[in-house]
**Q** 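Got a structure here, written out as structure tokens. Questions coming.
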Amino acid sequence: MDTKDILAVIEKFNQTALAEFKYREGSVEFHLKRHADVVYASGPAAPAPAAAPAPHSAAPAAPVPALAAPVGETINSPIVGTIYRTPAPDAPPFVEEGKMVKKGDTLCIIEAMKVMNELVAEFDCEILRVLVDNQHFVEYGTPLFEVRRK
Amino acid sequence: MIRSLLIANRGEIAVRIIRACKELGIRTIAVYSEADRKALHVKMADQAICIGPPPSKESYLNVSNLISAALNSRADAVHPGVGFLSENAEFARKVQSAGLIWIGPDPDSIDMLGDKIRSKENATKYGVPCTPGIEGAVTNIDETVAKVKKIGLPVIIKASAGGGGKGMRIVRKLEELADNIKIAANEAEKSFGDGTVFIEKYLEDAAHVELQMMGDKHGNVIYLGERDCSVQKNHQKLVEESPSPLVTPEIRKKMGEDAVRLFKGIGYSGAGTIEFLFKDGQYYFMEVNSRIQVEHPVTEMVTGVDLIKEMIRVANGDALSVKQEDIRIDSYAMEIRVNATSPGTVKEYLPPSGFKVRVDSFLYNGYTVPPTYDSMVAKVIIGAPTRTEGINKMLAVLDEFHLEGVPTNLEMQKKIINTQIFRKGGFGTQVLDSILKEIG
């Protein structure tokens, strides 16, 4: 990854609702954080251990929810990945149960192959129930939120 | 060390790989599209992950979802099976760069062998006989016409990135050559995004003979005998047998040694198949398929070597468990592909059984064959001491194959192998036309 790639990541980061983003691959490691006016990039540093993106340290593989089956309309995962309900580890979730969301609002982030994909509401609705836990693995079609259209 | 493995495929090959993993004590992760929620491989695996809607493009060919599924299920390795992404070097590279083990040859080998012009150049370099033709890609049509005059008609135009008969044209008249080159290039461009074509002398009604190869990362390469797959319909194989009635032990040895030289030369590891055209006792290099093949059980039946287990061992860095001198071809095996002629729900399924009778399938009572994927629903494989006994055995075994609810080509397959032409053996890939005439 060269400077151009890193700048491209920063640009993408700026277009998302993410508050924080950490990246590490081989000897490249950087950390982006909003609101702090800091864009910190540590280029080719001392040879980092474990070049691979460590499949074994990833989020737990616990297969999806043991919650009661949703009864109403649900918003389902469009891809396979890991769900992040918050824009940053210490930030509040994008949506909570009982919240009204507008079409285009971010509901959560699903990370797949190091790409943060924002899931946005396709219609105005109320979040009745959140059906998955933060940082859990979701399959294609896993119900994420039970909603009521407005 | 491979302790868990994701199978990036469906159907009978996914079931086959899961069985091998169970023997090796490896945890299995299946993937499935919404159309395959009730598929057998999903039921058999230790874990199953939905990777998309029914169309293959959005599920079994969805690289991002497959790799996410592998990482999140903590798979150590990915086996691509056959078809789908099994010869996709880009997928292999992404699997590797995600820190996973790719069960297959090196991505650079896949790339090189997927390019038919480059693979033919390598075959020539390592002394494997090739069909006479015009060297390299067609660039100038006028020059090509002049060269074709020299080698003589008929010729075949092939797409360098080709497969499945696309971008392939047989030319019997010189005045039709230029137009056919343009058509083939156009078809190749549309199908593979690469319009590069090349020309070979066309061998009328040659047999399709292929050698099963296996290599490891320690430089060992062996050949496990040939398969004759000359009974074909529109380039789709219907019946496969080993050994080929055309191949003598002397020819097999020479063909095998040529192939070993090529595979060692390019540093190939894993399972692979080198395909030849065979005519008048001569063999000519056609291409290498850098993956396991549907008809691999024929070779397993004759040699006693479990090819899927060898693939996993080799990917793990272990040496091949068998040596060339362990491979003995002293019996006969045949495989029949059972293809569904329309989708349907299995009402009653009772597969045959017996000594040296093998059925690889994903059918079960109540299962609905979806219209979305390949039509093959089962492979029936038999082993016997001789070819005649093998044919008789296959006919008896197919009589025992009981399937209601899904129409198949089974009756047709029985007729094919019971014709005088088939029983006589030693035919080329045009044989189905004469067989159909005999059946009437």
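Within every chain, numbering begins at 1; the chains are lettered A, B, ... in the order of the sequence lines, protein sequences first and strands thereafter.
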**Q** Kindly compute the distance separating OG (Ser64(B)) from CG (Asn117(A)), expressed to the nearest 0.5 Å.
**A**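 One finds 7.0 Å between OG of Ser64(B) and CG of Asn117(A).
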**Q** Assess whether atom NZ of Lys190(B) is packed by more than 12 heavy atoms of other residues, nucleotides or ligands within 6.0 Å.
**A** no
**Q** Quick one: does Glu139(A)'s side chain get under 4.5 Å of Tyr32(B)'s, heavy atoms only?
**A**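 Yes - at least one pair of side-chain heavy atoms lies under 4.5 Å apart.
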**Q** With rounding to the nearest 0.5 Å, note down the distance linking OG in Ser33(B) to OH in Tyr140(A).
**A**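 The OH atom of Tyr140(A) is 9.5 Å from OG of Ser33(B), to the nearest 0.5 Å.
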**Q** Sub-3.5 Å donor-acceptor pair from the side chain of Asn65(B) to the main-chain atoms of Val80(A), do we have one?
**A** yes
**Q** Against chain A, work out which of Asn62(B), Ile49(B), Leu66(B), Ile67(B) has the most heavy-atom pairs shorter than 4.5 Å and name it.
**A** Ile49(B)
**Q** Count the heavy atoms belonging to other residues, nucleotides or ligands that lie under 6.0 Å from NZ of Lys22(B), then report whether that count exceeds 12.
**A**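 Enclosed: over 12 neighbouring heavy atoms sit under 6.0 Å from NZ of Lys22(B).
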**Q** What part of Glu58(B) gets within 4.5 angstrom of chain A, counting heavy atoms only: side chain, backbone, both, or neither?
**A** neither
**Q** Would you give the length of the straight line joining atom CD1 of Ile79(A) to atom CD1 of Ile51(B), rounded to the nearest 0.5 angstrom?
**A**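 Here the interatomic distance stands at 13.0 Å.
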